[in-house]
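What follows is a short report on a single structure.
Since we're looking at a predicted model, the values are computed, not measured.
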Amino acid sequence: MEFKNVTVVKKANIYFDGKVVSYTVKFEDGTTKTLGCMQVGDYTFNTGSAEVMEFLSGELSVELPNQKEPLIIHSQATFEVPANSSFTLHVKSIADYCCSYAK
């Protein structure tokens, strides 16, 4: 998949001492996505707006709000995270992702 007619912010979004790095992609319609990679580790993220997380590679488990069992990802998967919540990722191999943010 590729995106056309976008603006990419050159400054990286760096989290967890550089173990999670992403770049912001802005679309003509005002929507925003981030593209990034996560190293092996455990990470908790807080959301402001709702998010759709799409993993393109990697092995990890995800603890989502209101879910009793973690979501297990082997390679590709997509899941939604509600606004004003948090979720925890347990990354077992380098993971490549795209995060879409609700307007």
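- Partners of Tyr23 under the ring-ring contact (aromatic ring centres under 6.0 Å, His included) rule, at least two apart in sequence or in another chain, do not exist in this structure.
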Requested in this report: Determine, stepwise, if the pair Val9 / Lys26 fulfils side chain to side chain contact (heavy atoms under 4.5 Å, CB included).
Outcome: CA-CA 8 Å; Val9 177; Lys26 296 180 179 185; 3.9 Å; yes
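- Listed here is the closest heavy atom pair of Val52 and Glu80: CG2-CG, 4.0 Å.
- Under the 4.5 Å side-chain criterion, counting only non-hydrogen atoms from C-beta, Glu51 is in contact with Phe87.
- Under a 4.5 Å side-chain heavy-atom cut-off, the cluster of Ile, Leu, Val, Met, Phe, Trp and Tyr residues that includes Val40 has no other member.
- Residues satisfying the side-chain contact (heavy atoms from CB on, under 4.5 Å) criterion with Asp29, sequence neighbours excluded, are Phe27, Thr31.
- Residues that satisfy the side-chain hydrogen bond (donor to acceptor under 3.5 Å, both in side chains) test with Tyr101, not counting sequence neighbours, are Thr34.
- Between atom NZ of residue Lys33 and atom OG of residue Ser100 there is a gap of 2.5 Å, rounded to the nearest 0.5 Å.
- Contacts of Phe16 classified as side-chain contact (heavy atoms from CB on, under 4.5 Å), with partners at least two apart in sequence or in another chain: Lys19, Val20, Tyr43, Phe45.
- The two residues Ala12 and Val21 come nearest to each other via the heavy atoms CB-CG1, 4.0 Å.
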Can you list, pair by pair, the side-chain donor-acceptor contacts under 3.5 Å of residues 53-66, counting residues two or more places apart and other chains?
| unit_1 | atom_1 | unit_2 | atom_2 | d |
| --- | --- | --- | --- | --- |
| Glu59 | OE1 | His74 | ND1 | 3.4 |
| Glu63 | OE2 | His90 | NE2 | 2.6 |

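- Residue Ile94 is found outside any hydrophobic cluster, as its side-chain heavy atoms come under 4.5 Å of no other Ile, Leu, Val, Met, Phe, Trp or Tyr.
- In terms of the side-chain contact (heavy atoms from CB on, under 4.5 Å) criterion, residue partners of Thr44 (sequence neighbours excluded) are, by chain and number, Ser86, Thr88.
- If you chain together hydrophobic residues whose side chains sit under 4.5 Å apart, Leu89 and Tyr15 fall into the same group.
- By the side-chain hydrogen bond (donor to acceptor under 3.5 Å, both in side chains) test, Ser85 is found to be paired with Thr47, residues two or more places apart in sequence or in another chain being considered.
- A search for side-chain hydrogen bond (donor to acceptor under 3.5 Å, both in side chains) contacts involving Thr32 returns nothing, not counting sequence neighbours.
- Checked against salt bridge (Lys or Arg N to Asp or Glu O under 4.0 Å), Lys10 has no partners two or more places apart in sequence or in another chain.
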